[in-house]
Number of protein chains: 2
Amino acid sequence: MFSIGAMSDRTGVKVPTIRYYEDMGLLAPAERTAGNQRRYGAAALDRLTFIRHARDLGFTIEAIAELISLGAHPDQPCAGASQIARDQLADVRARLARLQRLEVELDRIVSGCSGTGTLDKCHVMAALADHDHCVTEH
Amino acid sequence: MFSIGAMSDRTGVKVPTIRYYEDMGLLAPAERTAGNQRRYGAAALDRLTFIRHARDLGFTIEAIAELISLGAHPDQPCAGASQIARDQLADVRARLARLQRLEVELDRIVSGCSGTGTLDKCHVMAALADHDHCVTEH
DNA sequence: CATAATTCCTCTAGGGACTAGAGGTTCAAG
DNA sequence: CTTGAACCTCTAGTCCCTAGAGGAATTATG
């Protein structure tokens with residue numbers, strides 16, 4: 001059995017975050033010692049590892065909760081889980097596209113400024129003040 | 001003079017957000033009518049446009065506040081403003097790099113799953129459960 | 001076995017950048 | 001002058017934690 005600190009060490013999830021996940025229903029309430037401290041088994045460790053990895057990949061708590069509840073019925077078709085992952089991929093791609101546009105604009109803005117002039121002629125300030133300086137929509 | 005709604009229409013910043021910016025000190029407290037409603041002049045409109053654009057480019061409220069306070073001294077060198085923009089660009093690039101890694105992983109995970117099998121053999125679930133399935137760090 | 005150091009408990013609050021809603025007031029048009 | 005839209009303040013909620021207070025339990029050391 002693992003203490004909450006041991007779970008934290010093994011997964012890299014911070015102790016308060018583990019308690020938070022329990023509150024959110026991602027982890028079942030842990031067993032307790034006589035002195036009210038949490039004790040976890042191997043299954044809880046696996047689940048926390050799963051949660052950690054899904055969070056690292058950007059899944060929301062809600063999506064993870066759904067994946068977990070789907071996982072409770074292993075004989076069911078996996079279309080639902082697959083869809084959640086595809087939604088997440090689509091979301092990542094959308095954010096990626098937006099960030100790429102930002103990068104272009106910011107690079108243009110920064111490149112246009114030597115940093116040696118005075119602010120009233122500063123390219124950065126002018127570019128921020130006026131969207132028309134931009135190449136892309138954002 | 002513009003009402004807060006007119007400001008909103010002209011900049012695309014929502015009305016409660018304009019009030020929020022005032023609370024945060026990005027906008028000077030507006031003049032008021034006898035009935036306590038906000039009235040803005042052209043300078044406030046310009047500033048809100050500036051804020052909007054900077055937010056669209058991902059600058060934090062804090063960074064924008066600093067740009068604005070720098071802008072109050074147009075005769076000063078623009079190195080500070082330039083640095084803020086370069087920091088923002090670096091931040092965007094870091095997030096971009098991370099998202100690109102996520103995209104690779106998610107694409108791999110999703111591609112490996114037809115969505116037609118059952119969950120106990122689901123590639124998505126297995127990949128999430130075990131980081132060792134991954135190619136990159138994230 | 002006593003003490004000390006560490007870990008654990010619960011609870012509340014904060015953060016960033018808004019957004020939503022309640023309950024009430026003012027303005028502009030007809 | 002009346003109606004209806006827009007405005008006001010204030011509180012609370014979103015998301016995903018993180019920090020801290022104040023106190024109890026566990027583990028390590030002497």
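First the proteins, then the strands, lettered A, B, ... as listed; each starts at 1.
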Fill in: Partner set under side-chain contact (heavy atoms from CB on, under 4.5 Å) for B:T11, not counting sequence neighbours
B:V13, B:L45, B:L48, B:T49
Spacing between [X] atom [atom1] and [N] atom [atom2], to the nearest angstrom:
| X | N | atom1 | atom2 | result |
| --- | --- | --- | --- | --- |
| A:I4 | C:dC9 | CD1 | P | 5 Å |
| B:L57 | C:dA17 | CG | P | 14 Å |
| A:M1 | D:dT27 | CE | P | 13 Å |
| B:I18 | C:dA20 | CD1 | C1' | 17 Å |
| A:L26 | D:dC15 | CG | C1' | 13 Å |
| B:R19 | C:dC18 | CZ | C1' | 13 Å |
| A:F2 | D:dT26 | CZ | C1' | 18 Å |
| B:I64 | C:dC18 | CD1 | C1' | 13 Å |

Worksheet item: Hey, is the side chain of A:R38 poking within less than 4.0 Å of OP1 or OP2 on C:dC8, counting only N and O atoms?
Response: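 Checking A:R38 against C:dC8: no side-chain N or O falls below 4.0 Å of OP1 or OP2.
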Item to complete: Respond yes when some side-chain nitrogen or oxygen of A:S3 is under 4.0 Å from OP1 or OP2 of D:dT26, and no when none is.
Response: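 The answer is no; no side-chain N or O of A:S3 sits under 4.0 Å from OP1 or OP2.
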Fill in: side chain to side chain contact (heavy atoms under 4.5 Å, CB included), paired with B:R55, selected from B:L26, B:I61, B:T17
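Testing each of B:L26, B:I61, B:T17 against B:R55, the sole residue satisfying side chain to side chain contact (heavy atoms under 4.5 Å, CB included) is B:I61.
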Review item, nucleotides 20-22 of chain D N/O atoms under 3.5 Å of protein N/O:
none

Can you name the atoms? Protein N/O to nucleotides 25-28 of chain C N/O, anything below 3.5 Å, with the distance.
from, atom 1, to, atom 2, distance (Å)
C:dC27, OP1, B:T33, OG1, 2.8
C:dC27, OP1, B:G35, N, 3.0

Fill in: Donor-acceptor pair, side chain of A:Q88 and main chain of A:G58, under 3.5 angstrom
yes
Report the residues that fulfil side chain to side chain donor-acceptor pair (under 3.5 Å) with [X], sequence neighbours left out, ordered by chain and then residue number.
| X | result |
| --- | --- |
| A:D46 | none |
| B:R19 | none |
| A:S114 | A:T116 |
| B:T118 | B:D120 |

I'd like a table of atom pairs between the protein and nucleotides 17-19 of chain D - only N or O on both sides, under 3.5 Å - with the distance next to each one.
from, atom 1, to, atom 2, distance (Å)
D:dC17, OP2, A:Y21, OH, 2.9
D:dC17, OP2, A:R55, NE, 2.6
D:dT18, OP2, A:T17, OG1, 3.0

Could you give the side-chain donor-acceptor pairs of residues 62-72 of chain A under 3.5 Å, partners two or more places apart or in another chain?
from, atom 1, to, atom 2, distance (Å)
A:S69, OG, A:E66, O, 3.4

Discussion item. B:D91: which residues meet the salt bridge (charged side-chain N to carboxylate O under 4.0 Å, His left out) condition with it, sequence neighbours left out?
Written reply: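 In terms of salt bridge (charged side-chain N to carboxylate O under 4.0 Å, His left out), with neighbours along the sequence ignored, B:D91 is linked to B:R95.
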Item to complete: Please collect all ring-ring contact (aromatic ring centres under 6.0 Å, His included) contacts where either partner lies in residues 38-89 of chain A, sequence neighbours excluded, each pair once.
Response: A:H53-B:H131, A:H53-B:H138
Side chains of residues 98-111 of chain A: which donor-acceptor pairs under 3.5 Å do they make with residues two or more places apart or in other chains?
from, atom 1, to, atom 2, distance (Å)
A:R98, NH2, B:D56, O, 2.9
A:R101, NH1, A:E137, O, 3.3
A:E103, OE2, B:R93, NE, 2.9
A:E103, OE2, B:R93, NH2, 2.9
A:E105, OE1, A:V135, N, 3.4
A:E105, OE2, A:V135, N, 2.8
A:E105, OE2, A:T136, N, 2.7
A:E105, OE2, A:T136, OG1, 2.9
A:D107, OD1, B:R93, NH2, 3.4
A:R108, NH2, A:H133, O, 2.3
A:S111, OG, A:D107, O, 2.6

